[in-house]
There are 2 protein chains.
Amino acid sequence: MVDPDGPTPVYVQIADIIQLRIEAGELQPNRPIPSELALQQEFGVARGTARRAVELLRDRGLVFTVPQRGTFVSQQTP
Amino acid sequence: MVDPDGPTPVYVQIADIIQLRIEAGELQPNRPIPSELALQQEFGVARGTARRAVELLRDRGLVFTVPQRGTFVSQQTP
DNA sequence: CGTGATTTGTTCGTATGTATC
DNA sequence: CGATACATACGAACAAATCAC
């Protein structure tokens, strides 16, 4: 799924994959994306890496995080 | 009781201690082991750490968990 | 029957240390 | 040296189910 040896950092690869899922409609507005633990398990990475991927998606404006609740797809795709 | 600075992770140390208690008969089959809160207090660790110790014991097949009830010593010690 | 205490389940926030490139 | 990545650990909050009363 991800390539640890590629030129692109793993956390960027994961963010890109999630972004594709959002754009494909697999992840819908106001619906949660997988938790950090789920991402950690799905991609076989450390939690910090999953976290950084979500951070990146936040920076891109694609998702928003509610503490102790989860991270959700933004209403308006920028 | 546990050594946070040792080479062995704290959650492994705790799991090992519980395992010894099971093998010593202090904790008996079908009887509950201490709750996550109790372990947290006894060993002076965060709940997440106590939880990971219990997870490890489950992986070892020494205990089983019943949601909202507790974690119990397995009938058959593998 | 309802209410509160207990217990596990889940999630995010943060920090530290190690290793690699 | 900085960026990446992993593993560990603490904290905090909320949910949901069970049980004693």
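Every chain is numbered from 1 and lettered A, B, ... according to where its sequence line falls, protein lines coming before strand lines. All figures in this text were calculated on a predicted structure; none of them were measured in a lab.
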Requested in this report: Write down the distance between CD (A:Gln41) and P (D:dC6), rounded to a whole number of angstrom.
Outcome: 14 Å

Query raised in the report: Any link between B:Val2 and B:Ile33 through a network of hydrophobic side chains (Ile, Leu, Val, Met, Phe, Trp, Tyr) touching at under 4.5 Å?
Result: yes

Query raised in the report: Looking for any heavy atom pair under 4.0 Å, which part of the strands does B:Val45 touch: base, sugar-phosphate only, or nothing?
Result: sugar-phosphate

Requested in this report: Let me have a per-nucleotide readout for nucleotides 7-18 of chain C, 5' to 3', with B, S or -, counting only protein heavy atoms under 4.0 Å.
Outcome: BBBBBBBB----

**Report entry** salt_bridge(B:Arg21, B:Glu42) N-O dist < 4.0 Å
**Finding:** yes

Query raised in the report: Under a 4.0 Å heavy-atom cut-off, which of residues 7-20 of chain A touch DNA chain D?
Result: A:Pro9, A:Val10, A:Tyr11

Query raised in the report: Side chains of B:Glu23 and B:Gln19: is there a donor and an acceptor less than 3.5 Å apart?
Result: yes

**Report entry** Minimal non-hydrogen separation, A:Ala50 against A:Leu39, with atom names
**Finding:** CB-CB, 3.9 Å

Query - Residue that, paired with A:Leu57, satisfies side-chain contact (heavy atoms from CB on, under 4.5 Å) out of A:Val63, A:Thr65, A:Asp16, A:Ile14 - result: A:Val63

Report summary line: Atom CG of A:Asp3 and atom C1' of D:dA5 are separated, to the nearest Å, by 14 Å

Requested in this report: Round to a whole Å and report the spacing from CZ of B:Arg52 to C1' of D:dC10.
Outcome: 13 Å

Report summary line: Value for CD (A:Gln40) from CZ (A:Arg47), rounded to nearest 0.5 Å, stands at 7.5 Å

Report task. Would you tell me whether A:Asp3 and A:Gln13 have side-chain atoms, one donor and one acceptor, within less than 3.5 Å of each other? Result -> no

Query raised in the report: Can you tell me how far C1' of C:dT6 sits from CD of B:Gln40, to the nearest Å?
Result: 14 Å

Query - Rounded distance [0.5 Å steps], CZ in A:Arg51 versus OH in A:Tyr11 - result: 14.0 Å

